[in-house]
Amino acid sequence: MTTPTGPSPAPTRVLVLNSGSSSVKYQLIDMADRSRLAVGLAERIGEETSAVSHQPLSTGGDKREWQGELADHDAALAAIAQELAADGLGLDSPELAAIGHRVVHGGLKLTEPTVIDDAVLAEIERLVPVAPLHNPANVTGIRTAQRLRPDLPQVAVFDTAFHSSMPEHAARYAIDVETADAHRVRRYGFHGTSHAYVSRKAAELLGKDAADTNLIVLHLGNGASASAVRAGRCEDTSMGLTPLEGLVMGTRSGDIDPAVVFHLGRVAGMSADEVDDLLNKRSGLLGLCGANDMREIRRRVDAGDPAARLAFDIYIHRLRKYIGAYYAVLGRVDAVVFTAGVGENAAPVREAAVAGLEELGLAVDGDLNAAAGKEARLISPASARVKVAVVPTDEELEIAEQSYALVTASPGPGPEGGAG
Ligand SMILES: Nc1ncnc2c1ncn2[C@@H]1O[C@H](COP(=O)(O)OP(=O)(O)O)[C@@H](O)[C@H]1O
Ligand SMILES: CC(=O)OP(=O)(O)O
Ligand SMILES: [Mg+2]
């Protein structure tokens, strides 16, 4: 057999950046075999105690961790680039095919993975007011990556994309249509990359065709959202115009009577920005009991702390309301699926979320639920009519898949493919 000679092989690696308000999660993935070459996290950006943890998986090297000050996202990306370069995986590598960015809000126009140009970046910036915790960090991540590799396609994959299939009766608020349309006030939904990925994996786990599968997907991380998925399409989701609506989250209130905002303005003299800050950053589990990490809340619940107990109960009550609502939206449910940090790890949350719902065909098996695992798995008894599943999300792989597919897509019939 001869070794073919000719041009060097096309690049197959994608660097995925998931920039949050104070952190950047990243993964370098080789799409030739979907292997992770490196994964890492820069956190507490903007504080003196910023930290980077980097795991070079391709070399089998040990995890490297250090603390120091990363003044801003620019500094964080420079540190990430340095860590990658130390393993011979630097951003200057000719093997990089694209950088894929998680972008939280794409609005009405950006509903597909998109190669970022000036107009796309301007649109992501225009949407900052409706994703104030997320889009600014996404913009910084994109700008810095563009500066480091101006020649490389930068691809945006939007959290809102999967939910753009929502029917109008789920996407619209019941407010004056002209006002809503003039200001594009409607429900967009978020965490869509996760809901899409987890829905596909859940159908596989159930051994069913996605086209014949109805799911309630519960993405419970720091931000949290539920979605009703019929045949692989989103029919409703709990987040709305912004990632504030819906479930109780780490620091966000989720659903409240909108009149709370006017009331606080009138009786507490709070400005719109102050209420925004209250509901996004000082509410949810943190506002209720002073902690937003479910592990700490469970420890305190087990120790008999009443504030933690009430916070947990409020969190669960809201979750159960959405399970009931989406059961009714879908009519028939094949599975309730838990994912993200809390959903994948917190057995007491999963147990409490479906406790007493046997009449709806829902139950968890105590042993299966308690067993830790990294794989997609069923935790309902074999006899359950509606399955309950834990499916680890993988937003980074999904972003890499979509970015790579976009930059390697055939541009249409060329000289070889044409009728000639
Ligand atoms: N073993 C665990 N038990 C309970 N909660 C956990 C566990 N591990 C992680 N979590 C929760 O997961 C949350 C983070 O989830 P994650 O999906 O990583 O969120 P995000 O992507 O929004 O940062 C943490 O705030 C923590 O409450
Ligand atoms: C949209 C959103 O809430 O994202 P995260 O959970 O990463 O904060
Ligand atoms: Mg997340």
Side-chain angles (χ1 to χ4, degrees), residues 16-27 39 41-45 53 101-106 127 130-138 141 157-163 187-195 197-198 217-227 237-254 279-281 283-286 289 291-302 308 311-312 315-316 338-353 369-374 390-399:
V16 178
L17 296 177
N18 179 349
S19 302
S21 53
S22 66
S23 70
V24 179
K25 293 181 190 163
Y26 62 95
Q27 292 197 4
V39 304
L41 166 71
E43 57 187 334
R44 295 193 293 282
I45 298 166
S53 85
H101 298 264
R102 175 187 180 212
V103 177
V104 163
H105 214 313
L127 293 163
V130 281
L133 299 187
H134 298 91
N135 272 37
N138 302 155
V157 177
F158 299 95
D159 258 39
T160 40
F162 177 62
H163 304 299
R187 308 186 57 257
Y188 294 89
F190 301 90
H191 296 135
T193 305
S194 175
H195 285 284
Y197 174 85
V198 166
V217 179
L218 304 168
H219 175 109
L220 311 177
N222 241 320
S225 64
S227 65
T237 193
S238 59
M239 284 178 164
L241 173 72
T242 78
L244 181 56
E245 191 179 341
L247 300 174
V248 175
M249 312 183 210
T251 65
R252 291 172 239 165
S253 63
L279 298 180
N280 271 299
K281 299 186 182 166
S283 296
L285 294 168
L286 181 74
C289 74
N292 63 341
D293 191 313
M294 188 54 82
R295 285 164 288 203
E296 181 179 342
I297 290 169
R298 282 309 310 173
R299 274 195 296 274
R300 283 171 51 186
V301 169
D302 292 340
F312 184 79
Y315 183 96
I316 296 296
F338 288 88
T339 193
V342 175
E344 291 166 29
N345 297 299
V349 168
R350 298 190 296 254
E351 185 189 342
N369 187 37
K374 291 258 172 263
V390 180
V391 176
T393 193
D394 199 339
E395 290 161 293
E396 283 77 15
L397 179 61
E398 184 73 6
I399 290 167

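Whatever order the structure lists ligands and atoms in, that order sets their numbers, starting from 1.
Geometrically, ligand 2 and P243 share no nitrogen or oxygen pair separated by less than 3.5 Å. Considering backbone and side-chain atoms together, M294 places an N or O closer than 3.5 Å to an N or O of ligand 1. Between R102 and ligand 2, at least one pair of N/O atoms sits closer than 3.5 Å. For the pair L220 and ligand 1, the shortest N or O to N or O distance does not fall below 3.5 Å. Taking any N or O of H191, backbone or side chain, at least one lies under 3.5 Å from an N or O belonging to ligand 2. Between N222 and ligand 1, an N or O atom pair is found at a separation short of 3.5 Å.
Within the 6.0 Å centre-distance limit, the rings of Y188 and H105 are counted as a close aromatic pair. Not less than 6.0 angstrom separates the ring centroid of F190 from the ring centroid of H134. Within the 6.0 Å centre-distance limit, the rings of H163 and H195 are counted as a close aromatic pair.
The single protein non-hydrogen atom nearest to atom 24 (C) of ligand 1 is R295 NH2, 4.2 Å, given as residue, atom name and distance. With respect to atom 26 (C) of ligand 1, the closest heavy atom belonging to the protein is D293 OD1, 3.4 Å. With respect to atom 3 (O) of ligand 2, the closest heavy atom belonging to the protein is R252 NH1, 2.8 Å. Of all protein heavy atoms, the one closest to atom 15 (O) of ligand 1 is G341 CA, 3.3 Å.
For ligand 1, the atoms lying closer than 4.0 Å to a non-hydrogen atom of V342 are 11 (C), 12 (O), 27 (O). Heavy-atom proximity to F190, at under 4.0 Å, picks out these atoms of ligand 2: 1 (C). Distances below 4.0 Å separate heavy atoms of G223 from the following atoms of ligand 2: 3 (O), 6 (O). Using a 4.0 Å cut-off to heavy atoms of A346, the atoms of ligand 1 that qualify are 4 (C). Interface atoms of ligand 1 facing G223, defined by a heavy-atom separation under 4.0 Å, are 22 (O). Heavy-atom proximity to G221, at under 4.0 Å, picks out these atoms of ligand 1: 15 (O), 16 (P), 17 (O), 19 (O). Less than 4.0 angstrom separates some heavy atom of K25 from each of these atoms of ligand 1: 18 (O), 20 (P), 21 (O), 23 (O).
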Would you sort out whether M294 and R299 count as a side chain to side chain contact (heavy atoms under 4.5 Å, CB included), showing the intermediate values? CA-CA 9 Å; M294 188 54 82; R299 274 195 296 274; over 6 Å; no

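A donor-acceptor pair is defined here as one N or O able to donate and one able to accept, closer than 3.5 Å; no such pair exists between the side chain of S238 and the backbone of S225. Remark: the backbone N or O of R102 is paired with a side-chain donor or acceptor of N138 at under 3.5 angstrom.
Atom-to-atom distance recorded for T251:OG1 and K281:NZ is 9.0 Å, nearest 0.5 angstrom.
Within the set T339, I297, N345, N18, the minimum heavy-atom distance to atom 1 (N) of ligand 1 is found for N345.
When every heavy atom of P348 is checked against every heavy atom of F312, the shortest pair comes out as O-CZ, 3.9 Å. Across V342 and Y315, no two heavy atoms sit closer than the pair CG1-OH, 3.7 Å. Among all heavy-atom pairs drawn from V104 and A131, the shortest one is CG1-CB, 4.3 Å.
A donor atom on one side chain and an acceptor atom on the other are found under 3.5 Å apart for R350 and N369. Side-chain contact of S227 with T237: a donor-acceptor pair under 3.5 Å is absent, judged by distance alone.
Contact analysis puts M239 in contact with ligand 2, with a non-hydrogen atom separation below 4.0 angstrom.
If you look at D159 next to ligand 2, the close heavy atoms, those under 4.0 Å, all belong to the side chain.
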